[in-house]
Q: 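Below you will find the structure I want to go over with you.
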Amino acid sequence: MPSDSALRIVWIYPDLLSTYGDQGNVLILEQRARKRGIPVETVYVRSADPVPDSGDIYLIGGGEDRPQILAAERLRRDGGLARAIDRGASLLAVCAGYQIMGSVFGGEEGQPVAGIGLLDIQSSRGPARAVGELAAEVDTGLGGHMLTGFENHMGVTRLGPGVRPLSRTVVGTGNGDGTEGCHAGKIVGTYLHGPALARNPWLADVFLGWTVGRLAPIEDAWYDRLRDERLKAVLPR
Ligand code: GLN
């Protein structure tokens with residue numbers, strides 16, 4: 001990123017997929033960038049508007065089944081997100097947003113609905129709703145941290161050979177096969193709300209690092225307190 005330009009964050013479809021506080025992921029990225037003196041510009045793209053392809057970091061959140069189907073149709077027709085990823089932008093996709101990035105996901109009656117195919121995953125409706133705290137060990141390629149968050153979904157997700165699991169589940173359901181989330185290139189998908197980046201500031205820094213390179217360390221005391229409290233509440237002693 002040239003030093004005179006701002007980091008461009010794009011939040012996709014606040015009017016359709018923002019029901020679980022996932023917009024907090026934007027606030028965490030903004031705060032962690034600004035604390036390091038990195039200027040930030042955030043664009044909120046409503047679903048009637050085109051998704052710009054000039055962003056650096058894209059984020060999309062969770063939501064109900066019908067808005068999820070609408071969001072998938074509009075994103076596919078729009079094409080801006082796919083162009084941005086081709087250009088080297090990164091993407092954090094949460095829950096409904098995560099499922100949309102695959103080739104297919106389950107609609108409100110369990111019917112298969114086409115995704116936009118940015119991740120080699122397939123989702124469908126699972127046997128029971130997965131609700132509650134989740135803890136999982138993250139892929140060492142992304143730092144080997146402990147992932148913490150809250151899940152609330154019906155979907156289960158099968159990972160294809162084009163992606164790697166984001167983590168191995170210790171507590172909770174995640175993808176439904178002992179893994180949680182996935183990653184490929186600069187795309188990370190996860191079922192976790194919380195919001196995910198407030199619970200996992202190391203992941204916010206993975207995204208910032210992909211855009212700006214080396215990052216100065218910053219004070220993490222409040223994040224650490226939140227993580228410790230949540231992890232102690234769920235991890236077996
Ligand atoms: N509708 C999807 C499911 O139930 C996504 C839910 C969510 O985003 N929390 O699996």
Side-chain angles (χ1 to χ4, degrees), residues 10-29 44-47 51 58-76 81 91-136 147-160 163 165-167 169 171-183 187-200 203 230 234:
V10 181
W11 176 258
I12 299 171
Y13 297 170
D15 51 331
L16 293 179
L17 297 175
S18 289
T19 43
Y20 298 95
D22 296 323
Q23 259 187 72
N25 290 330
V26 173
L27 303 181
I28 302 297
L29 282 175
Y44 292 85
V45 184
R46 295 176 66 81
S47 61
V51 178
Y58 290 74
L59 300 107
I60 187 166
E64 307 295 331
D65 295 339
R66 281 169 187 260
Q68 177 178 4
I69 294 170
L70 202 56
E73 282 167 9
R74 293 190 174 178
L75 276 177
R76 188 169 344 95
L81 177 61
L91 167 68
L92 175 64
V94 172
C95 205
Y98 168 42
Q99 296 174 356
I100 286 174
M101 298 307 148
S103 54
V104 65
F105 62 89
E108 75 278 29
E109 305 291 342
Q111 77 278 19
V113 178
I116 66 166
L118 293 182
L119 284 172
D120 181 14
I121 59 170
Q122 301 195 336
S123 302
S124 56
R125 225 169 147 83
R129 179 164 286 276
V131 189
E133 287 289 318
L134 182 144
L147 185 69
T148 165
F150 182 83
E151 60 182 337
N152 181 3
H153 56 102
M154 279 297 290
V156 293
T157 297
R158 221 176 50 230
L159 308 188
V163 298
L166 173 62
S167 59
T169 322
V171 176
T173 304
N175 295 323
D177 64 353
T179 66
E180 198 304 295
C182 78
H183 67 109
I187 305 179
V188 175
T190 176
Y191 270 108
L192 295 189
H193 309 291
L197 297 185
R199 298 274 204 107
N200 303 281
L203 184 55
R230 288 291 78 207
V234 296

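Just follow the structure's listing: the first ligand is 1, and inside any ligand the first atom is 1.
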Q: Can you check whether Asn152 has an N/O within less than 3.5 Å of an N/O in ligand 1?
A: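 Yes; the residue has a nitrogen or oxygen that sits under 3.5 Å from a nitrogen or oxygen of the ligand.
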
Q: List ligand 1 atoms under 4.0 Å from Gln68, heavy atoms only on the residue side.
A: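 Heavy-atom distances to Gln68 below 4.0 Å select 1 (N), 2 (C), 5 (C).
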
Q: Counting from 1, what ligand 1 atoms have a heavy atom of Gly155 closer than 4.0 Å?
A: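 Going through ligand 1 atom by atom, the ones under 4.0 Å from Gly155 are 3 (C), 10 (O).
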
Q: Hey, which atoms in ligand 1 end up nearer than 4.0 Å to a heavy atom of Met154?
A: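 Answer, ordered by atom number: 3 (C), 4 (O), 10 (O).
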
Q: Pick, from Gly63, Ser123, Gly61, Gly107, the option with the minimum heavy-atom distance to atom 6 (C) of ligand 1.
A: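 The option holding the nearest heavy atom is Gly63.
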
Q: Indicate whether any N or O donor in one side chain lies under 3.5 Å from an N or O acceptor in the other, for Asn175 and Tyr98.
A: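 Yes - a donor-acceptor pair under 3.5 Å links their side chains.
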
Q: Which ligand 1 atoms, with their elements, are less than 4.0 angstrom from a heavy-atom of Gly62?
A: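 Counting atoms of ligand 1 from 1, those under 4.0 Å from Gly62 are 8 (O).
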
Q: Are Arg129 and Glu151 close enough for a salt bridge, meaning some N to O gap below 4.0 Å?
A: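 Judged by the 4.0 Å cut-off on N to carboxylate O distance, Arg129 and Glu151 do not form a salt bridge.
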
Q: Just to be sure I read this right, does ligand 1 sit under 4.0 Å from the backbone of Tyr20, its side chain, both, or neither, counting only heavy atoms?
A: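 Answer for Tyr20: side chain.
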
Q: Just so I know, are the side chains of Glu180 and Tyr191 near enough to count as touching, which here means a heavy-atom distance under 4.5 Å?
A: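 Side chain of Glu180 against side chain of Tyr191, heavy atoms only: contact under 4.5 Å found.
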
Q: Please state which protein non-hydrogen atom is closest to atom 1 (N) of ligand 1 and give its distance, to 0.1 Å?
A: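 Minimum-distance protein heavy atom for atom 1 (N) of ligand 1 reads Asp65 OD1, 2.5 Å.
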
Q: What atoms in ligand 1 come closer than 4.0 Å to a heavy atom of Cys95?
A: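 In order of numbering, the contacting atoms are 5 (C), 6 (C), 7 (C), 8 (O), 9 (N).
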
Q: Which atoms of ligand 1 sit under 4.0 Å from any heavy atom of Ala96?
A: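 Listed by number with element, the hits are 5 (C), 7 (C), 8 (O).
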
Q: Under the side-chain contact (heavy atoms from CB on, under 4.5 Å) criterion, do Trp11 and Ser18 qualify, and how do the steps go?
A: CA-CA 10 Å; Trp11 176 258; Ser18 289; 3.2 Å; yes

Q: Could you tell me whether the side chain of Leu81 reaches within less than 4.5 Å of the side chain of Ile116, counting heavy atoms only?
A: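 Ile116 reaches Leu81 side chain to side chain.
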
Q: Asp120 vs Arg158, test: salt bridge (Lys or Arg N to Asp or Glu O under 4.0 Å). Steps then yes/no.
A: CA-CA 9 Å; Asp120 181 14; Arg158 221 176 50 230; over 6 Å; no

Q: When you measure from the heavy atoms of His193 to every atom of ligand 1, does any distance fall below 4.0 Å?
A: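 In this structure, His193 qualifies as a contact of ligand 1 - some heavy atom is under 4.0 Å.
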
Q: Could you tell me whether ligand 1 has any atom less than 4.0 Å away from a heavy atom of Glu108?
A: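 Heavy atoms of Glu108 never come under 4.0 Å of ligand 1.
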
Q: Could you tell me if Ser47 and Arg74 have a donor-acceptor pair between their side chains, going purely by distance under 3.5 Å?
A: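 Indeed, the side chains of Arg74 and Ser47 share at least one donor-acceptor pair under 3.5 Å.
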
Q: Under 3.5 Å, is there a donor-acceptor pair linking the side chains of His193 and Asp22?
A: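 Yes, side-chain donor-acceptor contact under 3.5 Å.
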
Q: For the pair Asp15 (side chain) and Arg46 (backbone), establish whether a donor and an acceptor sit closer than 3.5 Å, ignoring hydrogens and angles.
A: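 Such a contact is absent between Asp15 side chain and Arg46 backbone.
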
Q: Going by the atom numbers of ligand 1, which of them fall below 4.0 Å from some non-hydrogen atom of Gln99?
A: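 Every atom of ligand 1 under 4.0 Å from some heavy atom of Gln99: 2 (C), 3 (C), 10 (O).
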
